Amino acid sequence: MNYNWNWSVFLTPVPSGETTYLGWLFTGLQWTVALSLSAWVIALVVGSIVGVLRTVPNRWLSSFAAVYVECFRNVPLLVQLFSWYFVLPELLPPALGNAYKQSDPLLQQFLAAMLCLGLFTAARVAEQVRAGIESLPRGQKNAGLAMGFTLAQVYRHVLLPMAFRIIVPPLTSEFLNIFKNSAVATTIGLIELSRQAQQLVDYTAQPYEAFIAVTLLYVCINVTVMFLMRRLEEKVRVPGFIGGK
Amino acid sequence: MYEFDWSSIPGALPLLGKGLLVTLEVTLTAIVVGIGWGTLLAVARLSSNRLLSFLAAGYVNLFRSVPLVMVILWFYLIVPQALKGLFGQDIGDIRLVSALVAFALFEAAYYSEIIRAGIQSVPKGQVAAGLALGLTPGQTMRLVVLPQAFRNMIPLLLTQAIILFQDTSLVYVIGLSDFFGTAYKVGDRDGRLVELLLFAGAAYFVICFTVSRLVKHLQARFIK
Amino acid sequence: MIEIKNVSKWYGQFQVLTDCTTEVKKGEVVVVCGPSGSGKSTLIKCVNGLEPFQQGDIVVNGTSVGDPRTNLSKLRSHVGMVFQHFELFPHMTITDNLTIAQVKVLGRSREEATDKGLKLLDRVGLKAHAHKHPGQLSGGQQQRVAIARALAMDPICMLFDEPTSALDPEMINEVLDVMVELAQEGMTMMCVTHEMGFARKVAHRVIFMDQGRIVEDAAKDDFFGKPHSERAQQFLAKILQH
């Protein structure tokens, strides 16, 4: 195979001249990280609420939470993304929809991708939260109630602190997933990492370098997240429990 | 307010059906090859051969840390170029083939992790008992461990299959007309993107929800 | 039949067996006892190579277990073993459990294997259960099937690794009865067990282990009459109180 490897391609300026191809990769990395982190915040908040609702005694609330989870789990992420991006603006009241459509395209892409990833991952987080709460002995809840706590207090002080510690490992894998899933935003044109890889293939004659570099960047994100989450896991460990001392 | 117009869907049903076939083709290939190759990877990863287990771990971790979109693009944009370089001829429309390969190799990494956990869930004493009867390590794995492991894993394997079925929609990035790709193209053509996207979403929901209910049912029957 | 010569074994830094030497002659029944963690289960698993050892050698019927050239599967196919937790294969019927190794290892035909298996199943009094799965049987029944499964291979000797210690008390005797019968028929047996009644009844020799060493290796009457070592005396006193 006579392919001319040329890693210095990253240092050459892009056609518009304002930065290098390396700069493009860096921009892509920034968007990937920004998108994933902001979506993760949504996922954690919404996912925790929905997960708790699935376990409460009120039937209406728990069914609502179940419906939420099933809807977001049984429709492909790509369909959800296109729905946020193409469908929702049409269904909004015209004033609001038009305002959205006239805003900066990058903002539109980012908002749609963030909401999509966040709410999609929230359904998965909710399932973990529910599993965490249900894995606790039933006696814990009764003990809390017997001490005179309200149900909300039982959740706040007894169930959730333990449940969240238990589900750190599965949450880590959801956190990793959100970075990987963020690549789907390439389909609506957001200039995150995998879009930049495609751009580099189009603009330079060095597709291998571009793809290897971007693949390695994803691996780096993965390794970093795993390292940080392991630190967190050690920090919240409870003595005498799985993994505790 | 937006006015819905569903009239372009009935005429597009044959096309959508064709798309669904592509979706199923990719899904089934990835399930079959993924489970086969994934089993080999899992066994390699658990083997006492250091090199083999290192290579298997490397494969699995690499594929699991890269987005599926990237893997699909690798096998569409990059690998065929290398092959073209090797064989020196045009290969024609490779979208379907590259999607099949990408999904099969990608899913194998995920399946192998499920299978590895399944193998590890079989008590060690079972291996000892198999060996003590004179079965070779290979026979013990094949006749004693794997049948039990697969039985424990069926719900997880099926759940992964549902995720895979949904993920095949990502072949959109290489322009392959699967179910979703077809829906998008029809919607774009007729200016009815909203309706077609909602229709596609509803169809996916019905299929996945039904299958996941079946899996739950199955699970309840298996765990007595 | 089984010669154990100066066997030592380490798990990393930790020594689990120290210089163990003993033998089991053809037709002999040897009971191995000792406190938990004394290495007795590890020793018996070394005999058919389920546990590797670093020093010494074990020779079974003229074949060295420690020799890397030895075909261990072949050796194991004629050394029967019964485990603490039965280890029947839960995904197979009782019949399949009895026949799988006969067919796959010894190359017997399915009919021949089934015939043999059912005969042995009848012998342990469980013929009616042939079509069931292990999960549908009680612990005692499962262990009797496990013994039949080992016997179906026409073993030249049998290894028992605490065959009754996972059983409810009322099921222990049904298993011991089968073992006593086997012993009386002249089967060569090495049994790790705490059942001293069984030892008194059929053992020729008793081996007492402590902290990875064989502390006492004596004829049955000598052992129960007056063990030499203090540890064995204490152990016996404790176990015989019950």
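Since the model is a prediction, treat every value here as computed from it, not as a measurement. Each chain gets a letter, A, B and so on, in the order the sequences are listed, and its residues count up from 1.
No other option in C/M81, C/H85, C/R149, C/Q102 has as many heavy-atom pairs under 4.5 Å with chain B as C/R149. With chain B as the partner, the residue from C/N71, C/V82, C/L88 showing the most heavy-atom pairs under 4.5 Å is C/L88. Interface remark: of the candidates B/T140, B/T136, B/V144, B/V144 forms the most heavy-atom pairs closer than 4.5 Å to chain C.
Of the atoms belonging to C/L72, not a single heavy atom falls under 4.5 Å from chain B. Using a 4.5 Å cut-off between heavy atoms, B/Q126 contacts chain C through both its backbone and its side chain.
Of the inter-residue distances, the one linking C/I100 atom CD1 with B/Q139 atom CD reads 8.5 Å to the nearest 0.5 angstrom. Remark: B/Q148 CD to C/M92 CE distance equals 7.5 Å, nearest 0.5 Å.
Scanning all heavy atoms of the two residues, the minimum distance from B/L133 to C/M153 falls at O-CE, 3.2 Å. Closest heavy-atom contact between C/H91 and B/P147: CD2-CB, 3.3 Å. The two residues B/A132 and C/F83 have their closest heavy-atom pair at CB-CZ, 3.8 Å. Nearest heavy-atom pair, C/K104 versus B/L143, reported as atom, atom and distance to 0.1 Å: CG-CD1, 3.6 Å. Between B/L135 and C/A101, the closest heavy-atom pair is CD2-CA, 4.4 Å.
In the displayed structure, C/F14 atom CZ is contacted under 6.0 Å by at most 12 heavy atoms of other residues, nucleotides or ligands.
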